[in-house]
Amino acid sequence: MESVVVIDFETTGLSPDHGDRATEIAAVLIRDGQIVAQYQSLMNAGRRIPAFITQLTGITDAMVRAAPPASQVMAEVADFVGDHPLIAHNASFDRRFWEAELRRIDRCPAQPFACSMLLARRLLPEAPNHKLGTLVEYARLPVTGRYHRAQADAEMAAHLTLYLEQHLIERFRLAAVTHPLLAEIQRTPKGRLETSLRRYASGHAGSATAAGHGRGGRKNSWSERS
DNA sequence: TGCCAGGCCCTCTTTAGGGCCTT
């Protein structure tokens with residue numbers, strides 16, 4: 001897979017539209033099937049942390065008060081991410097905070113997102129459920145730290161992404177797995193996934209190119225959807 | 001003090017409702 005970044009936020013709640021703010025972020029850069037760089041920081045957005053969140057994450061008001069300002073952390077992580085496409089577990093959540101926090105520092109978030117949870121629902125429907133912790137245990141992936149902390153969750157989501165990539169390559173004999181392909185898979189209706197992926201694989205035998213970009217303008221079932 | 005969301009998916013659906021998943 002080309003370079004992608006897996007991110008994970010810890011926050012004061014569920015909705016940036018209702019005043020919730022990020023308290024911690026981690027970003028893990030994957031390149032050529034390996035984790036090659038990481039960024040992690042608590043951040044101080046000036047919000048009190050609900051007791052429930054402290055119980056869930058272990059992140060306290062004192063920890064956040066001692067952390068760098070959210071504006072500084074978001075600027076640093078935006079530089080770290082650059083133009084790389086992003087992946088997160090339940091990406092609709094992280095995407096809202098990513099966009100909200102970057103807008104606060106006048107940065108323009110433009111990355112495409114893919115979601116490891118939606119991918120796992122498609123590719124591992126037999127898993128007991130599709131919570132990150134359950135999938136880590138199900139796939140026997142390394143537990144890299146405390147759940148509900150950004151660094152550990154981002155690392156485990158990265159390992160899950162690599163596991164899903166390998167699953168795709170072995171099961172469907174794909175020559176390459178790209179971020180656009182992952183985004184396409186999570187949008188494909190469950191009943192059509194097997195057929196569509198096998199058609200995609202046969203159309204890309206021996207190819208090392210990305211989904212939806214067959215040579216010579218050739219289109220396939222994954223191509224040119226926006 | 002307690003509450004607040006949103007996108008996706010499945011089905012007993014599609015003119016809807018409820019569960020999952022994230023903090």
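Numbers restart at 1 for each chain; the letters A, B, ... are given by sequence-line order, proteins then strands.
- Comparing the C1' positions of B:dT22 and B:dC4 gives an interatomic distance of 15 Å, to the nearest angstrom.
- Per the geometry, NE2 belonging to A:H130 stands 12 Å off P belonging to B:dC9, to the nearest Å.
- Taking every side-chain heavy atom of A:K190 into account, B:dC10 is the closest of B:dT23, B:dG6, B:dC10.
- Between A:D20 atom CG and B:dC4 atom P the separation is 12 Å, expressed in whole Å.
- An OP1 or OP2 oxygen of B:dT22 is reached within less than 4.0 angstrom by no side-chain nitrogen or oxygen of A:K131.
- Only the C1' atoms considered, B:dT23 is 15 Å distant from B:dC3, to the nearest whole Å.
- Across all strands, A:R122 comes closer than 4.0 Å only to sugar-phosphate atoms, never to a base (heavy-atom distances).
- Counting to the nearest Å, the P atom of B:dT22 and the CG atom of A:L118 are 11 Å from each other.
- Of the two residues contacting DNA chain B, namely A:Q186 and A:N129, the nearest-nucleotide position lying further toward the 5' end is that of A:Q186.
- Rounded to whole angstrom, the span from the CG atom of A:L132 across to the P atom of B:dC20 amounts to 17 Å.
- Toward the 5′ end of DNA chain B lies the nearest nucleotide of A:P50, the other residue of the pair A:P50 and A:D94 mapping further downstream.
- Taking atom C1' in both B:dC8 and B:dT13, one finds a spacing of 15 Å when rounded to whole Å.
- Residues A:R96 and A:D20 are not paired through a salt bridge, judged by the lack of any N-O separation under 4.0 Å between the basic side chain and the carboxylate.
- The separation of B:dG6 from B:dG2, taken at their P atoms, amounts to 23 Å, rounded to a whole angstrom.
- Using a 4.0 Å cut-off, no side-chain N or O of A:R96 falls inside it from OP1 or OP2 of B:dT22.
- For A:H18, no side-chain nitrogen or oxygen approaches OP1 or OP2 of B:dC3 to under 4.0 Å.
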Worked check of side chain to side chain donor-acceptor pair (under 3.5 Å) between A:R47 and A:T12: CA-CA 8 Å; A:R47 288 284 192 286; A:T12 62; 5.9 Å; no

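- One can place CD of A:E184 at 13 Å from P of B:dC8, the figure rounded to the nearest angstrom.
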Dump the intermediate steps for side chain to side chain donor-acceptor pair (under 3.5 Å) on A:T134 and A:N129, then the final yes or no. CA-CA 7 Å; A:T134 302; A:N129 62 57; 2.8 Å; yes

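- Note on A:F97: nothing from the nucleic acid sits closer than 4.0 angstrom, heavy atoms only.
- Counting only heavy atoms from C-beta outward, the side chains of A:F97 and A:I25 never approach each other to under 4.5 Å.
- The side chain of A:D153 approaches B:dT23 more closely than any other nucleotide in the set B:dC8, B:dT22, B:dT23.
- The existence of a salt bridge linking A:E10 and A:R21 is excluded, since no basic side-chain nitrogen approaches an acidic carboxylate oxygen closer than 4.0 Å.
- Here B:dG7 presents its P atom at 14 Å from CZ of A:R121, a figure rounded to the nearest Å.
- If you measure from atom CG of A:L14 to atom C1' of B:dC4, you get 9 Å, rounded to the nearest angstrom.
- Computed from coordinates, the A:E24 CD to B:dT22 C1' distance equals 15 Å when rounded to whole Å.
- Considering only side-chain atoms of A:H148, the nucleotide from B:dT23, B:dC21, B:dG6 that sits closest is B:dT23.
- In this structure, A:H167 and A:L124 have side chains that are in contact, with non-hydrogen atoms separated by less than 4.5 Å.
- Rounded to a whole angstrom, the distance from the C1' atom of B:dA16 to that of B:dC12 is 11 Å.
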